[in-house]
Amino acid sequence: MRIATWNVNSMKARLDRVEEWLAQVAPEVCCFQETKLADAAFPSERFSKLGYEVAHHGDGRWNGVAIASRVGLEDVVRGFAVPGGPDEAAERRLISASCGGVRVMSVYVPNGRSVGSEHFQAKLAFLHDLRLHLDTSCDPGEAVMVCGDFNVAPQDIDVFDPAFFVGATHVTPEERAALAEVLGFGLVDVLRACYPDTPRLFTWWDYRAGDFHSGRGMRIDLALATRVLADKVSFVLIDRNARKGKLPSDHAPIVVDFAYSP
DNA sequence: ATGGTAGCCCTGCTA
């Protein structure tokens, strides 16, 4: 079973490339972030032609997340399943569904904008609430996969130059602690588990100043799996080719294969 | 080269 995740930075702008990529890579399940579409505008028929059902959660301006699956798509939950939790409806940053026996979540964590800002506090709160969502709706002993753009680089090895990021978001102890809280549910960062000491495993490069071509990136997109799944990972890849060529997203997809059949 | 890109349609804001 192949599960992928990709921040596409507008599904409308990226649709041709996404179709081409899905046809080539053929994941059973793919999580998308930053679709920037309203639910009614999502091009479901284009995905149907490729054999995918899609559940989407977006309002059309920013954010927007989706799960595409060709191994079933059941028990869709939009936003947080946290009783009394925050009203996430206006943000559209989380969607959950069961696909081929795996509880899959597509997540787009807030950027945070600047350290200490109200947006930064909201980012920390979002990660805290994601843990509550997991605690409320899942069992760490079951097959759960949380994929998406976390807007946190877990370690210094995950940025091109730690000195460049001093004072910046994505690398602070607070953000890393909040991410660790999510992982503490019982999740494994499957890419880092496969390549514990490999630098430059980046998933995002700023469009500006040729950052992709000069290798100035960060690893902020993650594929997290519960142990029962993580133990069955047979292959994991950041598809840098998808960051090249005409009209790329600023993020590369992550592809994970499991020795696991739906 | 002390700037630069991309996407949205709130042409300023977000990333």
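Everything numeric in this text was worked out from a predicted model, so none of it was measured. A, B, ... follow the sequence lines: proteins, then strands. Residue 1 opens every chain.
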Peer 1: Which whole number of Å gives the distance between the C1' atom of dT14(B) and that of dC9(B)?
Peer 2: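 About 13 Å, rounded to a whole number of Å.
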Peer 1: Any base atoms under 4.0 Å from Tyr108(A), or only sugar-phosphate, or nothing? Heavy atoms, all strands.
Peer 2: sugar-phosphate
Peer 1: Listed by chain and number, what are the side chain to side chain donor-acceptor pair (under 3.5 Å) partners of Arg61(A), not counting sequence neighbours?
Peer 2: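 With sequence neighbours excluded, Arg61(A) shows a side chain to side chain donor-acceptor pair (under 3.5 Å) to no residue whatsoever.
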Peer 1: Suppose you measure atom P in dA6(B) against the same atom in dC10(B); what distance do you get, rounded to whole Å?
Peer 2: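 Nearest-Å result for dA6(B) against dC10(B) at atom P: 22 Å.
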Peer 1: Starting from Ile157(A), walk the hydrophobic network (Ile, Leu, Val, Met, Phe, Trp, Tyr; side-chain heavy atoms closer than 4.5 Å) and list everyone else you reach, by chain and number.
Peer 2: none
Peer 1: Taking the C1' atom in each of dA1(B) and dT5(B), what is the distance between them to the nearest angstrom?
Peer 2: 15 Å
Peer 1: Within the 4.0 Å limit for protein heavy atoms, which parts of nucleotides 1-9 of chain B are touched? Write it as a string from 5' to 3', B for base, S for sugar-phosphate only, - for none.
Peer 2: ---BBSSS-
Peer 1: Give the rounded distance in Å between these two atoms: CG of Asp149(A) and P of dA15(B).
Peer 2: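 Atom CG in Asp149(A) sits about 10 Å away from atom P in dA15(B).
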Peer 1: Trp204(A): which other cluster members, linking ILVMFWY side chains closer than 4.5 Å, directly or transitively?
Peer 2: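 Val159(A), Phe160(A), Phe164(A), Phe165(A), Val171(A), Phe202(A), Trp205(A), Phe212(A), Met218(A), Ile220(A), listed by chain and number.
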Peer 1: Hey, could you give me each pair passing side chain to side chain donor-acceptor pair (under 3.5 Å) that has a residue in residues 30-39 of chain A? Not counting sequence neighbours.
Peer 2: Thr5(A)-Gln33(A), Asn7(A)-Glu34(A), Asn9(A)-Lys36(A), Gln33(A)-Ser106(A), Glu34(A)-Tyr108(A), Thr35(A)-His56(A), Asp39(A)-His56(A)
Peer 1: Side-chain donor-acceptor contacts of residues 177-190 of chain A below 3.5 Å, not counting sequence neighbours, with atom names and distances?
Peer 2:
{"from": "Glu181(A)", "atom 1": "OE1", "to": "His128(A)", "atom 2": "ND1", "distance (Å)": "3.4"}
{"from": "Glu181(A)", "atom 1": "OE2", "to": "His128(A)", "atom 2": "ND1", "distance (Å)": "2.7"}
{"from": "Asp189(A)", "atom 1": "OD1", "to": "Arg192(A)", "atom 2": "N", "distance (Å)": "3.4"}
{"from": "Asp189(A)", "atom 1": "OD1", "to": "Arg219(A)", "atom 2": "NH1", "distance (Å)": "3.0"}
{"from": "Asp189(A)", "atom 1": "OD2", "to": "Arg219(A)", "atom 2": "NH1", "distance (Å)": "3.2"}
{"from": "Asp189(A)", "atom 1": "OD2", "to": "Arg219(A)", "atom 2": "NH2", "distance (Å)": "2.7"}

Peer 1: Check whether any side-chain heavy atom of Pro110(A) sits under 4.5 Å from a side-chain heavy atom of Arg93(A), and report yes or no.
Peer 2: yes
Peer 1: Specify the separation, in whole Å, of atom CE of Met218(A) and atom P of dA15(B).
Peer 2: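 So the CE-P distance, Met218(A) to dA15(B), works out to 14 Å.
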Peer 1: Output the rounded distance in Å from CG (Asp59(A)) to C1' (dC10(B)).
Peer 2: 13 Å
Peer 1: With rounding to whole Å, what would you report as the distance between dC13(B) and dT2(B) at their C1' atoms?
Peer 2: 23 Å
